[in-house]
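See structure below.
These numbers were taken from a predicted model, which means no experiment stands behind them.
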Amino acid sequence: MSQRPNILLFLMDGVQASALEPGSACHTPNFQRLRDRGLLFRRAYTSTPVCSPARASLLTGHLPHNHGVLEVEHGRDPDQCNLRTELPHWPHYLQDNGYTNAYFGKWHVERSNRLEDFGWQINRCKAAEHHAFLGQGKDEGADLSVDPSLSRYVESPPGYNRILHYGVTDIAPEERYPAFSTDQALEFLHSRQDQSKPWTACVSFSEPNESLVVSRSTFAQYDPATMSLPENLNDDLSDRPNIYQRQRQISAKVSDAEWRMARVCYYGRITELDAQFGRLLGQLESGNQLDNTVIIVTADHGRYVGAHGFDAHNFGPFEEIYRIPLIMAGPGIASGGESHGLVNLQDLCPTLLELTGSKAINSPDSKSFTPLLSAPTQVPDEFNTAYGEYHGTRFNLAQRILWQDEWKFVFNGFDFDELYNLQDDPYESTNLADEPDQKKRCETMMREIWRIMRETNDRTLNETHYYSMRIGCVGPNEFNQ
């Protein structure tokens, strides 16, 4: 492997891991090309299912409680929920190692949009205020010319803005936002092909996490009548926290036919991103840069699109929003394989630094998974656990999640806990936390959560001895040494 390979990071927003896996109904020929020449991670997890804190974790190698971004960066006053700028980002260390770092598209990590301060010498980020066409206005979708017969708006309860859930437009994919960021990235890649200095390009998108609008040509690739619905669409959630049932009420009036349309448009948006990725691959091939470039395709978090009766991604601990796609290819990475090792989004930070021979970031929250890249079928013990945390999305909630092999334990600070066996119950339909024969497992996994919180200095929950906060099945002093 070259001492300093190039890095291409293709970062999407709100993509379920299953959408990019073999057998998916989603059409992604270019992502499949990358799978064929690289490595697919089956159990990669985000640090948290919210854009800004997840992206900050990716860049810093830290969990949200350590990097300071607990919610979306625009959802708080300026003195709240801010990135701790004293923490280095991996582009800083690549810059010190002689890399030219360029960023294109969605940033959404902090508010200044001064990416130069975070190691990106070339800043082509698209600030949040330029997202009007994505449909966050008072009458969302009006400027997208969606077909009224192939669209659905959310118009209740009274007092909320009218927003577009999904729709089909005659505007061609190349005339919409994803293509613009790709155009800029292609110019950069072309300018670097005859230079010896290594480069990093992050091409980042808001799709498919906004209104599910697809071009008619993309929509024609799918048949809504045959689109499958999630196995857990009608999960009654009766043995889960009540807030999940309240969240489900938002989509209570969405019909099966409308969910099929939503899923077609969701997959269609991913297909359009796949085409943009194919353009980037083509440039690398024509510029003879493919063999010396580490390529990563991933997402900050997933999206429900009907799973458990939800859409979006801001509530619940379920796999559809925590398990993310992760495909990697390039020098030193096994070809055409899969890994079932458990890795976190923030683990990309130390991994990229190791792959590039750069200085390591000292973080207790992440670890390099380079051993899995060259030997994916050999999974050391340190890759049988993953961890996530959630602080709420404007509605403050405390949640810590532990994956161990096939088991998943959810510590809820706002309701009773959850335990799932993902091997026997992949759709997380049955909460086993109250089963008498699982009491010991819950206590053991809760001890492991306390250990992780102690090691990562998660003081918010680690110091909860006060009378009204003693809600865990075991307390902070009980942790695995």
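- The shortest distance between side-chain heavy atoms of Leu11 and Thr298 falls below 4.5 Å.
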Stepwise, does the salt bridge (Lys or Arg N to Asp or Glu O under 4.0 Å) test hold for Arg240 with Glu418?
-> CA-CA 7 Å; Arg240 262 60 62 82; Glu418 300 164 71; 5.5 Å; no
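- Gln399 places a side-chain heavy atom less than 4.5 Å from the side chain of Phe414.
- Here Trp403 and Tyr322 bring their ring centres to under 6.0 angstrom of each other.
- Without hydrogens or angle criteria, Glu110 side chain to Ser112 main chain gives a donor-acceptor distance under 3.5 Å.
- From Asn209, atom CG reaches atom CE of Met12 across 12.0 Å, with rounding to the nearest 0.5 Å.
- Ring orientation note: the planes of Phe205 and Phe10 are tilted relative to one another, at an angle of 30° to 60°.
- Within 6.0 Å of atom CD in Gln378, 12 or fewer heavy atoms from other residues, nucleotides or ligands are found, so the atom counts as exposed in its surroundings.
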Are Arg269 and Glu272 close enough, and set up right, to give a salt bridge (Lys or Arg N to Asp or Glu O under 4.0 Å), and what steps lead you there?
-> CA-CA 5 Å; Arg269 293 204 82 163; Glu272 292 177 350; 5.2 Å; no
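- Residues Tyr420 and Trp407 place their aromatic rings such that the two centres sit no closer than 6.0 Å.
- Using a 3.5 Å distance cut-off with no hydrogens or angles, the side chains of His67 and Thr60 do not pair a donor with an acceptor.
- With hydrogens and angles ignored, the 3.5 Å screen pairs no side-chain donor or acceptor of Arg162 with any backbone N or O of Ser156.
- Surrounding CG of Asp434 are at most 12 heavy atoms belonging to other residues, nucleotides or ligands under 6.0 Å away.
- Figure legend: cation-pi geometry between Arg55 and Trp107 absent, as NZ or CZ is not positioned both under 6.0 Å from the six-membered ring centre and within 45° of its axis.
- Donor-acceptor pairing under 3.5 Å is recorded for the side chains of Thr200 and Asn101.
- The aromatic rings of Trp120 and Trp90 lie perpendicular to each other, with more than 60° between the two planes, well past the 30° mark.
- Proximity of a side-chain donor or acceptor of Tyr390 to a complementary backbone N or O of Thr393 within less than 3.5 Å is detected.
- The environment of CG in Asn362 is sparse: at most 12 heavy-atom neighbours from other residues, nucleotides or ligands sit within 6.0 Å.
- Using a distance-only test at 3.5 Å, with no hydrogens or angles considered, no donor-acceptor pair links the side chain of Asn384 to the main chain of Asp405.
- Of the possible polar contacts, none joining the His301 side chain to the Gln16 backbone as a donor-acceptor pair under 3.5 Å is found.
- Taking the ring centroids of His165 and Tyr153, they lie at or beyond the 6.0 Å cut-off.
- Counting heavy atoms from C-beta on, the side chains of Glu389 and Ile401 never come closer than 4.5 Å.
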Does the side-chain hydrogen bond (donor to acceptor under 3.5 Å, both in side chains) test come out yes or no for Asn457 and Asn66, once each step is laid out?
-> CA-CA 8 Å; Asn457 196 31; Asn66 276 331; 5.1 Å; no
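- The neighbour count for Arg246 CZ, taken as heavy atoms of other residues, nucleotides or ligands under 6.0 Å away, does not exceed 12.
- In this structure, Glu21 CD and Leu40 CG are separated by 5.5 Å, a value rounded to the nearest 0.5 Å.
- Between Tyr244 and Phe310, the ring-plane angle classifies as perpendicular under the 30° and 60° cut-offs.
- Taking CG from Leu8 and SG from Cys202, the interatomic distance works out to 8.5 Å, rounded to the nearest 0.5 Å.
- Cation-pi geometry between Arg400 and Phe411 is not met: the NZ or CZ atom fails to fall both under 6.0 Å from the ring centre and inside 45° of the normal.
- Aromatic pair Tyr45/Tyr387: centroids not less than 6.0 angstrom apart.
- Each of Arg43, Arg42, Lys408 was checked for a salt bridge (charged side-chain N to carboxylate O under 4.0 Å, His left out) with Glu319, and the lone residue meeting it is Lys408.
- For Asp425 (side chain) and Ser429 (main-chain N/O), a donor-acceptor pair under 3.5 Å exists by modelled atom type.
- Within the 3.5 Å criterion, the main-chain N or O of Val305 finds a donor-acceptor partner in the side chain of Asp311.
- Expressed to the nearest 0.5 Å, how far CG of Asp437 lies from NZ of Lys439 amounts to 12.5 Å.
- Distance alone, capped at 3.5 Å, places no donor-acceptor pair between the Asn421 side chain and the Thr430 backbone.
- Residues Ser151 and Leu164 form a side-chain contact, since some pair of their non-hydrogen atoms from C-beta on lies under 4.5 Å apart.
- Residues Tyr222 and His27 bring their aromatic ring centres within 6.0 Å.
- Remark: side-chain polar atoms of Asp13 are not paired, donor with acceptor, to backbone N or O of Asp300 under 3.5 angstrom.
- Between the side chain of Arg35 and the main chain of Leu20, a donor-acceptor pair closer than 3.5 Å is present.
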